[in-house]
Amino acid sequence: MEDSTPVSGSFDKSRVLNVKPLRCLVPVFPSGPNFSSFPTPQGAAPFVCVTPSGPFPPGVAPFYPFFASPESQNPGAVPNQNAAFSFNNPNSISNAVPIASYRTPPSQYAADANGETGSSKRVTRSRAQSQQEDRSAQYLSSFSMHVTDTDDTSKVGRSKSGSRSKRTRGRQDINIASTDIDIDSVVENILASSNIPAFDMIRRTDADKESVGYNLMIYDFIRRKITQIEESKDAVPGVTRRPDLRAGTILMNKGLRTNSKKRVGAVPGVEIGDCFFFRMELCLIGLHAPCMAGIDYMGMKISQDEEPLAVSIVSSGGYEDNNEDGDVLIYSGQGGNYYRRDKEIMDQKLERGNLALEKSLHRGNEVRVIRGLKDFANPTGKVYVYDGLYRIQESWVDKGKSGCNVFKYKLVRLPGQSEAFLTWKSIQQWKEGTNSRVGVILPDLTSGAESSPVSLVNDVDDEKGPAYFTYFPGLKNAKPVDPVEPSTGCVCIGGCLPGNPNCPCLQKNGGHLPYNANAVLVNQKSLLYECGPSCQCPPNCRNRISQSGLRVRLEVFKTKDKGWGLRSWDPIRAGAFICEYAGEVIANHKPEELGSENEDDYIFDATRTYPLFELPGDSNEALKIPHPLIISAKDAGNVARFMNHSCSPNVSWQPISRENKNESDLHVAFHAIRHIPPMTELTYDYGMVQPDKADLRKKKCLCGSMKCKGYFY
DNA sequence: TTTCATCAGATGTAT
DNA sequence: ACATCTGATGAAAGC
């Protein structure tokens, strides 16, 4: 079997390190006193795949990134219909202070609520097809209401932004109605199947980490889904669909934004070092409102006059900024046509953002700084790092290209803030070799077994490494099982392509490629079907992501409190593949037969999380559960064996079936739940055990999350 | 493999 | 209505 090829012989036995690694936990999610507690069922992992309103149409999987509602945990329970569309309830946003751009007038809530009434019937329907039709009809009816609303509101002279927004939406709908209905129904499904109280949390004007995280998670999921659907259609070349903007608009129109009121200084729920991959994300969480402009400002009443003050800037290379120093930033003002090629460059004027920066210089207020950097994984894309608060120290006028005036502002980072941009710079130096990582024990503990090296690092104490094991990136003794849907594999010589109706591997995944172009998993599934040995597609096929090795630069490191852990030098996008769980497939996991106390520490047991896959109302899904699958990485394994448990994890696991001559090999792959900044520990939820395995030793959990169960297995 | 050119976008502010 | 440090894509240009 090609993926089980051992790489023995490459491990240097002199590296036997006689230290017992702990499988303990470090706090990765600091919880403040204002952390809102949430009705999360005890023992439920955050990535629960339950569906209160399934079954879903093809390609629409239920998505529960974080919060599962209590009633949805019980297969027998009737979903709370009132709750199901409470996000359309105008009362639920009464506490939010709308800014001028608030896009959703009450009339639209009414229209959407009507639509949702129809959707609640989905619960009792069993055929996806009828649901799809239902969705389309519902969509159309809600569309006609929008049109009516627009006319009404313009007649009575509603606020500009209100009427404009609906016109925008209407225009969008008309132009691409044929493709939009599908997307709209998908999005409605996502929103309807998401946990309800979370919507109110998202709309909070003073949010916390949880609500910001949930907002971003919904946004990213919708964006990925739109990308996937658009890809499957016969896309017009050269026409960009901008799924990032479309997903953002949808959430904006629903009022699903966090910290919508502008403010000076820190934004609640956003931490220094947080990273983002789209400007729209900054907008949705209230970190930086304009979706293009680099300077965000707000009017502030100072004595009787109101003057603009800058609240945040994005420095991402559009102008000639100087960001050589980690703590000082020379920022260029806006305007003067510096960002466009088709217009003549002019002098910048002291207006808009430039004026605001000038005022902020004299006022001395804090300005948030977001650094836009090149994304190593996506040459065409950027990654945005929130670098904390700065103060403007001085300003002057420079002569830029063509000798035109450019405003310059010197911003200095406030002391005492945790490292963010500096960390990125350090990592870049480690990679270039211009500076070396402190505490490196082994530059590559895989001894070349992986495409990318994995450092072993300890910069906290004297431990020389974890206990001996053989680095092995595949699965030993993978037992082929009868596939749920037999197939002899695909014949996509050039690789499987989205929208190909003849590819059996796509068909098994609901007709879509499960991964986006940048190797990002679109959504979790109870079982994902990748191409395998009996497929004729090449190894770099987009449906073989979990077989193509590590894509990020990882390090195994000694955690501050206990044990060894795993983290990445590179930022990881939400949904991105991280690694497989490698090791030896074993028949049974009997802890009493294992010797000393912690020998079961390197067991991955898919059955431990079995309750997560009891999908109410969708027995088909439940049947696909590939347990029992138990993998031991005690003697041989890869980086995955170092991932610690957390009750608020940033990584989730996904069962994957690989096509293999009418049989299939089961594997387990890990993906990022959300964007993960560099040097953040990677953790997943080890899950629960089945009742008959309750004799497993419980270990005390120290993850520090508000949702901590107190123990894990 | 980087850069350029092109173009459709969205939001918030100003007119 | 307008200004604006987007983001994908394809073409052209650096090594």
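Chain letters run A, B, ... following the sequence lines, proteins first, then strands; residues in each count from 1. Quick note: numbers below take in every heavy atom, side chains included, and nothing from hydrogens, waters or symmetry partners.
- Pairs of Watson-Crick or G-U wobble type, with distances under 3.5 Å, assemble into runs of 3 or more in DNA chain B at these ranges: B:1-8 with C:6-13, B:10-13 with C:1-4.
- In this structure, the nucleotide among dT9(C), dT6(C), dA10(B) sitting nearest to the side chain of Thr380(A) is dT9(C).
- A cation-pi arrangement is absent between Arg542(A) and Tyr515(A), since the terminal nitrogen or guanidinium carbon is not both under 6.0 Å from the aromatic centre and inside a 45° cone about the axis.
- Here the P atom of nucleotide dT9(C) and the CZ atom of Arg242(A) are 11 Å apart, to the nearest Å.
- Side-chain proximity of Tyr297(A) to the nucleotides dG7(C), dT13(B), dA10(B) is greatest for dT13(B).
- When side chains are defined from C-beta on, Ser452(A) does not count as touching Val552(A), because their heavy atoms never get closer than 4.5 Å.
- Contact annotation: the side chain of Ile392(A) approaches that of Leu357(A) to within less than 4.5 Å [non-hydrogen atoms, C-beta and beyond].
- Inter-residue side-chain proximity for Leu309(A) and Tyr297(A) is flagged as unmet; no heavy-atom pair is nearer than 4.5 Å.
- In terms of polar N and O atoms assigned as donor or acceptor, the side chain of Arg352(A) never comes within less than 3.5 Å of the base of dT4(C) in a complementary pairing.
- A side-chain donor-acceptor contact under 3.5 Å links Gln228(A) and Lys225(A).
- Counting only heavy atoms from C-beta on, Met280(A) has its side chain closest to dA10(B) among dA10(B), dC5(C), dT3(B).
- In this structure, the nucleotide among dG7(C), dA10(B), dC5(C) sitting nearest to the side chain of Cys291(A) is dA10(B).
- Between Leu245(A) and Lys343(A), it is Lys343(A) whose nearest contact on DNA chain C lies nearer the 5' terminus.
- One atom, CZ of Arg241(A), and another, C1' of dT6(C), lie 18 Å apart when rounded to the nearest Å.
- Nucleic acid contact class of Gly317(A) (heavy atoms, under 4.0 Å, all strands): base.
- Phe277(A) is linked by a ring pair (Phe, Tyr, Trp, His ring centres under 6.0 Å) to His675(A), counting only residues two or more places apart in sequence or in another chain.
- If you check every strand for non-hydrogen atoms under 4.0 Å, Asp296(A) touches nothing.
- Of all nucleotides listed (dT3(B), dT13(B), dG7(C)), dG7(C) comes nearest to the side chain of Arg279(A).
- The residue among Phe277(A) and Gly335(A) whose nearest nucleotide of DNA chain C lies closer to the 5′ end is Gly335(A).
- The distance from atom CE of Met292(A) to atom P of dC7(B) is 15 Å, rounded to the nearest whole Å.
- Checking dT6(C), dA8(C), dA10(B) against every side-chain atom of Ser316(A), the shortest atom distance belongs to dT6(C).
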